[in-house]
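No experiment lies behind these values; they were computed from the predicted model shown. We count ligands from 1, going down the list as the structure has it; atoms in each ligand are counted the same way. The basis for the numbers below is simple: all heavy atoms, side chains too, and nothing from hydrogens, waters or symmetry mates.
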Amino acid sequence: MLSERVQNALNAQIKIEAQSSQVYLAMASWSEIQPGIDNVTAFFYKHSEEERQHMLKLIHFVNERGGFAQIPELAQPQLTFPSIKHAFASLLKHEEYVSGSINKCVDIALEEKDYATHNFLQWYVAEQIEEEALARTMNDKLELIGDDKSGMYMFDRDILTISASVENM
Ligand code: FEO
């Protein structure tokens with residue numbers, strides 16, 4: 001059985017994962033109407049879907065442990081971006097924020113001596129390391145590319161391979 005404190009923390013995390021899915025879905029939709037970045041668009045759609053899976057995993061865990069996962073109301077995410085670079089900078093900032101909130105959940109699980117939840121959350125801890133690493137790699141590459149159009153062409157060409165290689169690290 002989950003303590004009320006753990007349950008509240010996990011419900012807050014459900015909202016953050018749901019919001020993350022919306023944030024990346026908005027990036028995907030914006031990116032889809034920009035010319036020539038089909039793979040960047042595919043990356044954002046895929047990322048949005050992954051966040052939905054993170055949310056679902058938490059929902060099932062809370063309900064299976066005798067709690068009640070509450071489906072949250074969500075804020076409208078940012079809809080447009082000055083550039084791809086801005087979108088990826090915002091993605092990195094968002095992932096750092098998500099890591100912070102996962103760490104808070106881990107702290108609370110330990111304080112409540114809820115070792116099952118602590119164990120469950122280790123998957124998210126590992127996932128956040130990967131997601132932050134991926135976001136940093138993308139940002140570093142975009143920094144190097146600057147305004148170079150052929151660089152952006154290659155970034156779009158390689159983005160799915162880069163994300164797959166970071167995921168397999
Ligand atoms: Fe589920 Fe990207 O945090």
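Residues passing the salt bridge (charged side-chain N to carboxylate O under 4.0 Å, His left out) test with Glu96, sequence neighbours excluded: Arg136. Scanning for ring-ring contact (aromatic ring centres under 6.0 Å, His included) contacts around Phe88 gives Phe43, Phe44, Phe155, with sequence neighbours left out. Every side-chain contact (heavy atoms from CB on, under 4.5 Å) that Ala69 has, sequence neighbours left out, goes to Asn11, Ile14, Ile59, Val62, Asn63.
Aromatic ring centres of Trp123 and His54 lie closer together than 6.0 Å.
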Quiz item: Checking salt bridge (charged side-chain N to carboxylate O under 4.0 Å, His left out) for the pair Glu111/Arg5: CA distance, chi angles, key distance, verdict?
Solution: CA-CA 10 Å; Glu111 282 164 20; Arg5 210 169 150 230; 2.6 Å; yes

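Less than 2.8 Å away from atom 2 (Fe) of ligand 1, the protein contributes these N/O/S atoms: Glu51 OE2, Glu95 OE1, Glu95 OE2, Glu131 OE1.
Around atom CD of Glu143, no more than 12 heavy atoms belonging to other residues, nucleotides or ligands sit under 6.0 Å away.
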